[in-house]
Participant: 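Okay, handing you the structure first.
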Amino acid sequence: MKFRAIMGALCAAGLLCGVSAVQAAESIEVLHWWTSGGESKAVGVLKDDMTKEGYTWKDFAVAGGAGAAAMTALKTQVISGNAPSAAQIKGPLIQEWAAQGVLVPIDASAGDWKKNLPPEIDKIMHADGHYVAAPFSVHRVNWLYINKAALDKAGGKAPTTWPEFFALADKMKAAGIQPIAMGGQPWQDLTLWEDVVLSQGADFYKKALVDLDEKTLTSDKMLSVFDTVRKIQGYFDAGRTGRDWNLATAMVINGKAGMQFMGDWAKGEFANAGKKSGVDYVCAAVPGTEKAYTFNVDSFVFFQQKGQKSATPGQLALAKTIMSPGFQEQFSLYKGSIPVRLGVSMDKFDDCAKKSYADEQVAIKSGGYVPSLAHGMAQPDAAAGAISDVVTKFMNSQEDSKTAVAALAKAAKTK
Ligand code: GAL
């Protein structure tokens, strides 16, 4: 570090400007939305690794779970000609940005990626036959987190069906515990709704939210999805409007509420608060979804920089670091996810992460491995946004399920 700093200073003074000194001075601006306790600890690992490699990390964090505000900021930056070096983009949005001609390929860093990534995820990292994105980890979305003391007080068993879930929620209520901690943003509504869609079976989920099959979208099963969501809402507290996801997680951590429906980035919050799975909290698959797995894979894309035709040394180093085994392990330990790179040891991970890994393997084989709609993995932005609007309208009004189902079928046609 010291040596590089000296070389950088010499170069700036117009002396001894070798290639390594120029590279060492490269500043990498990184746009992301990882601002909660667990999230910032996880992205901090990347910052530290890149700093150790001699690059200057310029943090461009835009708060807001699931990244809606970050995406708005990114558009403004790119339009004004100030694209960051890298940005947190995932799923079909990777190809949408690539189609704008503003990304640079990072193949030079991806020599061994193909054999170290599950094929369905490797595909997502590509555009026009080139790697344009680097994947961090796999988050499972269909989790229910339960405060252990509240669970013990109310019967002691994590629910595996909706009737068991409602029975548990009633017992918590009777014991004076707020049954569900829920946040108040559209993506959180959509996360719960897609959980309930998945509880109707992975095939139903795929037909509805991947194929957007009209018959499935307007089926009686879909009506019952909205009915179940309405019933779950009866166990929310009054203060959810505008609440961030991590504040809802904090309610479960502190015993102010019994349960939260949330992807396993919530586990990063429990870990950050020093809580242990099986002791302080329990992670269970959302009722009825034990054999299925909604995946959410975070990744960075790399933007063409002023005066550069291809990826800069810093961008290539960033991509390489993200996929390195050591980083993959430490990032996921903080983040609550599991490494996306195959073959990384799970020894240091907790029971919930080990269960995530085991369930993932089963789901991949059985056809239950499905992309999360709420987290940008299943549909292009326009269709996902239109469906999200329908769900949020339903959950924030007294609209009946029939009206919502009709609106859903219409929204699914959005191009
Ligand atoms: C998801 C993202 C996760 C986590 C979460 C809450 O969309 O994939 O990494 O950050 O939002 O912010």
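In what follows, residues are counted from 1 in the order of the sequence shown. Both counts, for ligands and for their atoms, begin at 1 and track the order of listing.
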Participant: Tell me: protein heavy atom nearest atom 7 (O) of ligand 1, and distance?
Facilitator: Lys90 NZ, 2.7 Å

Participant: Could you tell me whether Gly64 and ligand 1 have an N or O pair separated by under 3.5 Å?
Facilitator: no

Participant: Answer yes or no: does atom NZ of Lys41 have more than 12 heavy-atom neighbours from other residues, nucleotides or ligands under 6.0 Å?
Facilitator: yes

Participant: Write out the residue and atom name of the closest protein heavy atom to atom 6 (C) of ligand 1, then the distance separating them to 0.1 Å.
Facilitator: Glu39 OE2, 3.2 Å

Participant: Side chains of Leu212 and Ile387: closer than 4.5 Å at any heavy-atom pair?
Facilitator: yes

Participant: Taking distance alone, with no angle check, do Trp34 and ligand 1 share an N/O pair under 3.5 Å?
Facilitator: yes

Participant: If you take the nearest heavy atom of each of His139, Met377, His375, Lys335, which one is closest to atom 1 (C) of ligand 1?
Facilitator: His375

Participant: Going by atom types alone, do Ser345 and Glu329 pair a side-chain donor with an acceptor below 3.5 Å?
Facilitator: no

Participant: Should Trp187 be counted as touching ligand 1, given the test is an N or O pair under 3.5 Å?
Facilitator: no

Participant: Please list, in number order, the atoms of ligand 1 under 4.0 Å from a heavy atom of Trp265.
Facilitator: 3 (C), 4 (C), 5 (C), 6 (C)

Participant: Do Tyr145 and Asp264 have a side chain donor and acceptor closer than 3.5 Å?
Facilitator: no

Participant: For atom NZ of Lys206, is the number of surrounding heavy atoms from other residues, nucleotides or ligands below 6.0 Å larger than 12?
Facilitator: yes

Participant: Measure from the ring center of Phe302 to the ring center of Tyr131 and say whether it is less than 6.0 Å.
Facilitator: no

